[in-house]
Amino acid sequence: AGEMAEVTSFIPPDASPHTFSPTPDNIKLLESADIVISNGLELETYLEGILRNLGDRHFTAASFLPELQDEVHSEGEIHNVHAHDHHHHHAFNPHIWLDPLFLLRIAEGISISLISFDPDNHSYYQNRYQQLREELLALHEMISEERKDWGALNIINFHDAFYYFNKRYDINRAAVIVHSPGREPTPRELVQIGRTIRDENVRVIFLEPQLNPKAAEIIAAEHNISTAVLDPLGSQIGATTIVELLLLNWERMKPFFESI
């Protein structure tokens with residue numbers, strides 16, 4: 001939207017969208033907005049009623065990725081990503097902003113929606129989209145080319161935020177430690193994670209700054225493997241744009257691939 005709109009992020013940069021609780025002022029902000037864009041895929045279940053009441057003023061980023069609605073029925077792994085949490089249950093993995101090619105389609109859809117809302121500035125929105133498109137394609141091509149430097153990559157993610165990124169670039173997420181924020185792994189799950197580390201020669205656990213790393217650090221120490229922090233929201237790694245967010249996380253991954 002650039003200069004044509006005042007854009008406000010509803011969730012603070014250091015907060016987890018899984019556990020965020022809106023204040024009355026947050027609700028007033030939503031109700032007064034001309035356009036509200038949510039992620040979708042059940043990430044904002046705590047706002048469902050309010051968003052529904054916004055009518056045509058609201059749409060989801062996930063609406064531009066309709067195949068994900070079908071994938072949940074054919075890939076049980078996605079269905080179970082957060083299935084153990086009774087308070088933050090998701091049938092879908094909602095972290096679609098961490099895949100550059102998904103972002104391309106989301107950006108195009110948002111651009112079209114903005115043009116529909118504000119047709120007088122059609123050229124402005126289209127040019128902004130084209131600029132972002134070029135940056136995302138260049139990033140995707142760079143990551144794809146660099147990925148060729150390594151063979152099989154087996155990692156553990158503390159939380160499955162990078163599911164789509166891993167899938168896009170053929171990185172095997174061998175295990176997830178916390179299936180839902182606030183839910184610690186059971187003793188049985190810890191045993192299974194340890195077995196996976198040994199069987200698949202996992203050398204790193206990627207943490208997230210929004211979540212307590214204690215369980216992952218204990219596992220890493222027990223099995224003498226490394227930990228590193230990836231940030232799906234970007235605020236803790238200094239990302240100022242969505243392209244920077246993806247690039248900086250990729251740069252944090254690469255040193256650990258050298259040792260695999």
Within this structure, what is the [atom1]-[atom2] distance for the pair [X] and [Y], rounded to the nearest 0.5 Å?
| X | Y | atom1 | atom2 | answer |
| --- | --- | --- | --- | --- |
| Ser38 | Ile50 | OG | CD1 | 12.0 Å |
| Leu136 | Arg105 | CG | CZ | 13.0 Å |
| Leu246 | Glu135 | CG | CD | 11.5 Å |
| Ile156 | Thr227 | CD1 | OG1 | 12.0 Å |
| Ile155 | Ile197 | CD1 | CD1 | 12.5 Å |
| Ser123 | Asn121 | OG | CG | 8.5 Å |

Any non-hydrogen side-chain atom of [X] less than 4.5 Å from a side-chain atom of [Y]?
| X | Y | answer |
| --- | --- | --- |
| Ile106 | Leu65 | yes |
| Val204 | Ile225 | no |
| Phe165 | Ile143 | yes |
| Leu132 | Val243 | yes |
| Trp97 | Leu233 | yes |
| Pro255 | Phe257 | no |
| Val229 | Arg252 | yes |
| Asn53 | Leu51 | no |

Smallest separation among heavy atoms of [X] and [Y], with atom names:
| X | Y | answer |
| --- | --- | --- |
| Leu207 | Phe158 | CA-CB, 3.9 Å |
| Pro232 | Ala161 | CB-CB, 3.9 Å |
| Ile177 | Ala215 | CG2-CB, 4.2 Å |
| Pro119 | Ser116 | CD-O, 3.8 Å |
| Glu200 | Ala174 | OE1-CB, 3.8 Å |
| Ile205 | Ala216 | CD1-O, 3.8 Å |

Asp56 CG: over 12 foreign heavy atoms closer than 6.0 Å
no

Count the heavy atoms of every other residue, nucleotide or ligand shown that sit under 6.0 Å from CG of Asp149, and state whether that count exceeds 12.
yes

Could you walk me through whether Phe162 and His95 pass the side-chain contact (heavy atoms from CB on, under 4.5 Å) check?
CA-CA 7 Å; Phe162 286 81; His95 305 91; over 6 Å; no

Is the side chain of [X] donor-acceptor paired with the backbone N or O of [Y] at a distance under 3.5 Å, no angle test?
| X | Y | answer |
| --- | --- | --- |
| Asp99 | Phe102 | yes |
| Glu244 | Thr240 | yes |
| Trp250 | Met142 | no |
| Ser111 | Ala107 | no |
| Asp118 | Leu114 | no |

Intermediate values then yes/no, side-chain contact (heavy atoms from CB on, under 4.5 Å), Thr45 and Glu48:
CA-CA 5 Å; Thr45 53; Glu48 281 181 353; 3.7 Å; yes

Are His140 and Tyr169 close enough that their ring centres sit under 6.0 Å apart?
yes

Distance-only donor-acceptor check, side chains [X] and [Y], under 3.5 Å:
| X | Y | value |
| --- | --- | --- |
| Asn26 | Thr23 | yes |
| Asn93 | Tyr164 | no |
| Asn39 | Glu44 | no |
| Gln131 | Arg128 | no |
| Asn157 | Asn166 | yes |
| Gln210 | Asp231 | yes |

Residues forming a salt bridge (charged side-chain N to carboxylate O under 4.0 Å, His left out) with [X], sequence neighbours excluded:
| X | value |
| --- | --- |
| Glu134 | none |
| Glu146 | Lys254 |
| Arg57 | none |
| Lys214 | none |

Kindly assign one of parallel, tilted or perpendicular to the pair Phe64 and Phe59, based on the angle between their ring planes and the thresholds 30° and 60°.
perpendicular

Starting from [Y], can I reach [X] by hopping between I/L/V/M/F/W/Y residues whose side chains sit under 4.5 Å apart?
| X | Y | answer |
| --- | --- | --- |
| Val176 | Ile96 | no |
| Leu68 | Ile37 | yes |
| Tyr129 | Met4 | no |
| Trp150 | Leu230 | yes |
| Leu98 | Leu137 | yes |

Only counting residues at least two apart or in another chain, list the ones meeting side chain to side chain donor-acceptor pair (under 3.5 Å) with Arg147.
none

Between the side chains of Arg183 and Glu189, is the shortest nitrogen-to-carboxylate-oxygen separation below 4.0 Å, so that they form an ion pair?
yes

With the threshold set at 4.0 Å, does a side-chain nitrogen-carboxylate oxygen contact exist between Glu258 and Arg203?
no

Hydrophobic cluster (4.5 angstrom, side-chain heavy atoms) - remaining members for Ile237
Leu248

